[in-house]
Amino acid sequence: MPIDEKLLHDLDERRANALVSGAPAKVEERHDKRLLTARERVDSLFQPGSFQEFGMFAEHQCTNFGMGEKKLPADGVITGVGLLEGRPVAAFSQDFLVAGGSLGRVHAQKICDLMDYAQRAGVPIIAFNDSGGARIQEGVLSLAGYGQVFFRNVLLSGVVPQIAVIAGPCAGGAAYSPALMDFLIMTKTGASMFICGPEVIKAATGQVTTMDEIGSAAAHATVSGNVHFVANDDGHAIEIVGKLLSFLPANNLVDPPHRPTPELDLSDVPAFEDIIPADPKKPFDVHHVIEALVDDADFLEVHMEWAKSIVVGFARIQGIVTGIVANQPMVRSGTLDIDSSDKAARFIRFCNLYSIPIVTLVDVPGFMPGVAQERGGIIRHGAKMLFAYAAATVPKITVIMRKAYGGAYLAMCSRDLGADMVFAWPTAEIAVMGAEGAVKIVFRREIKDAADPAKEEAALVKKYREEFASPYQAAANAQITDVIRPAHTRAAVAMALRNTLSKRETRPPKKHGNIPM
Ligand code: HXC
């Protein structure tokens with residue numbers, strides 16, 4: 001006997017109803033604002049037809065305070081797994097058209113179930129955040145739901161990559177789930193993220209502000225550093241998700257998606273030698289070095305607009321996925337400050353979690369001098385760099401291009417911090433401090449007593465640079481692997497990566513180190 005047609009019809013009807021979350025006018029309103037619906041976001045993320053949905057019929061069952069008989073399709077969050085470039089990825093997408101995407105018990109349970117699945121299956125998780133926050137009508141159960149999501153964010157940290165897209169409001173405590181993830185991408189179209197909005201700030205402190213100033217994508221990408229990537233709209237955010245995942249392994253137990261070229265290309269790249277100015281005080285843009293080093297000049301910069309004296313991001317070098325950390329001489333001479341230390345340390349730790357080798361490009365005059373830096377805790381923040389590099393057991397390759405002074409020399413992954421190979425260009429200067437400062441301290445009397453003090457000082461500075469701080473001094477002291485022509489950098493780094501990829505390093509067992517926070 002064939003199945004009762006009525007049952008199939010009922011199923012089709014229920015499915016159709018679950019797919020409709022908002023009135024057509026509301027959907028149109030979103031489209032006019034260049035916002036996709038929750039389902040459109042998921043559909044755009046995955047290969048067509050590959051999305052396998054979890055809990056389409058899950059729905060809030062109570063008729064609580066103010067909720068009445070309101071239907072809440074999928075309880076305001078679409079969850080499931082789909083294929084992205086052939087690889088399975090879990091995703092959830094909050095539906096603002098269903099009770100403002102607010103999070104209640106069932107909504108939270110769906111997210112938690114998906115996170116548990118991502119952990120078991122070892123797949124990355126993508127979160128589209130677009131929500132009015134805790135569902136007011138569900139009271140403490142909403143808060144408990146957030147707590148359960150946060151708990152899983154922490155469980156998954158270092159197990160599978162977690163990427164948050166802030167694609168609508170993300171207010172109050174709700175902002176902490178994205179903050180607990182690895183990368184935040186925020187759209188310029190209609191997204192906001194804040195703990196206390198302008199009205200609350202005014203009521204509590206009297207300060208007058210705007211959402212642009214405290215909660216916009218621009219504010220988070222340039223000032224607070226909460227956001228790693230800014231997207232023009234949802235489509236662009238999804239593009240960034242795809243690009244980011246193209247460098248990441250599915251979980252911490254598998255290798256990143258290396259695509260090693262069958263033969264190493266050991267040819268010189270003359271472009272390196274045009275980048276460094278003859279005058280050691282003249283800045284250069286480290287992006288040019290990175291472009292000459294990585295495959296097809298293809299570099300996904302992370303935190304591009306924040307703490308710009310350091311540049312971090314992902315690339316491939318002759319097919320090997322690599323995390324790049326580079327001082328930027330164009331911004332405050334490439335000094336390490338509070339924010340740039342935080343930025344680099346977090347990136348280094350991410351690379352270490354997912355077996356991504358780190359290439360460090362050094363031109364650093366030191367830590368940033370200043371009252372605000374000292375009082376702001378540059379010691380604590382700078383220590384994060386030392387901690388992160390020393391704790392990282394992935395392959396670590398360092399290239400000293402120019403200045404490498406003092407504590408910052410160590411903080412940029414010197415041999416002593418565990419670099420597997422350190423290359424220096426002939427332009428490198430490795431010393432306790434810069435030439436000008438050093439000769440003033442050491443040769444104060446000689447300079448004062450000289451017939452022409454300025455001339456004497458200039459001669460000493462030159463001598464210091466050429467002899468004392470020269471890379472050959474460091475090489476003679478067995479502190480570097482080799483002094484190389486800049487043109488040979490790509491070949492040397494590519495060889496070093498291939499030769500170090502099998503690295504394994506064990507450390508004393510412990511719960512975790514105590515990184516300065
Ligand atoms: C229940 C909510 C809701 C919420 C919005 N809605 N937020 N329902 N709980 N938290 C519903 C609205 O009632 C409305 O339903 C629909 O979603 C759309 O909301 P609008 O206000 O019409 O939209 P808009 O004008 O675009 O404003 C969006 C908004 C605003 C800025 C997000 O709704 C808002 O301020 N909501 C409250 C935000 C908030 O304070 N949440 C709590 C944060 S604290 P109808 O039926 O009319 O369409 C928090 C704690 C987390 O989340 C703690 C974790 C530890």
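Counting convention: from 1, in listed order, for ligands and their atoms alike.
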**Asked** Under 4.0 Å between a Lys/Arg side-chain N and an Asp/Glu carboxylate O for Arg39 and Glu53?
**Response** yes
**Fill in**
If we number the atoms of ligand 1 from 1 as shown, the ones under 4.0 Å from a heavy atom of Gly173 are 51 (C), 53 (C), 54 (C)
**Asked** Between Ser102 and ligand 1, which residue portion shows a heavy-atom distance shorter than 4.0 Å: side chain, backbone, both, or neither?
**Response** side chain
**Message:** Considering both backbone and side-chain atoms of Ile136, is one of its nitrogen or oxygen atoms within less than 3.5 Å of a nitrogen or oxygen in ligand 1?
**Reply:** yes
**Asked** What atoms of ligand 1 come closer than 4.0 angstrom to any heavy atom of Leu143?
**Response** 53 (C)
**Request:** Give me the one residue out of Lys503, Arg504, Lys396 that meets salt bridge (charged side-chain N to carboxylate O under 4.0 Å, His left out) with Asp420.
**Result:** Lys503
**Asked** Does any non-hydrogen side-chain atom of Tyr354 lie less than 4.5 Å from one of Pro161?
**Response** yes
**Item:** Residue among Ile240, Asp234, Asp233 satisfying side chain to side chain contact (heavy atoms under 4.5 Å, CB included) with Thr187
**Value:** Asp234
**Item:** Per-atom contacts, ligand 1 versus Tyr146 - under 4.0 Å to a heavy atom
**Value:** 51 (C), 54 (C)
**Message:** Less than 4.5 Å apart, side chain to side chain, heavy atoms only: is that true for Thr205 and Gln207?
**Reply:** yes
**Asked** Closest approach of Ile515 and Lys384, non-hydrogen atoms and distance?
**Response** CD1-O, 4.1 Å
**Message:** Could you work out, for atom 5 (C) of ligand 1, the closest of Ala23, Cys196, Gly197, Gly100 by heavy-atom distance?
**Reply:** Gly100
**Item:** Element-labelled atoms of ligand 1 that are located less than 4.0 Å from some non-hydrogen atom of Gly133
**Value:** 52 (O)
**Request:** Give the numbers and elements of all ligand 1 atoms closer than 4.0 Å to a heavy atom of Gln137.
**Result:** 1 (C), 9 (N)
**Request:** Taking only Lys NZ, Arg NE, NH1 and NH2, and the carboxylate oxygens of Asp or Glu, determine whether Arg332 and Asp337 approach each other closer than 4.0 Å.
**Result:** yes
**Message:** If you take the nearest heavy atom of each of Gly132, Ala171, Gly172, which one is closest to atom 42 (C) of ligand 1?
**Reply:** Gly132
**Request:** Could you tell me if any non-hydrogen atom of Phe96 lies under 4.0 Å from any atom of ligand 1?
**Result:** yes
**Message:** Under 3.5 Å between any N/O of Phe150 and any N/O of ligand 1: does that happen in this structure?
**Reply:** no
**Prompt:** At a 4.0 Å threshold, what atoms of ligand 1 neighbour a non-hydrogen atom of Ala134?
**Reply:** 4 (C), 9 (N), 10 (N), 49 (C), 50 (C), 52 (O)
**Item:** Side-chain touch Pro357/Ile320, heavy atoms, less than 4.5 angstrom
**Value:** yes
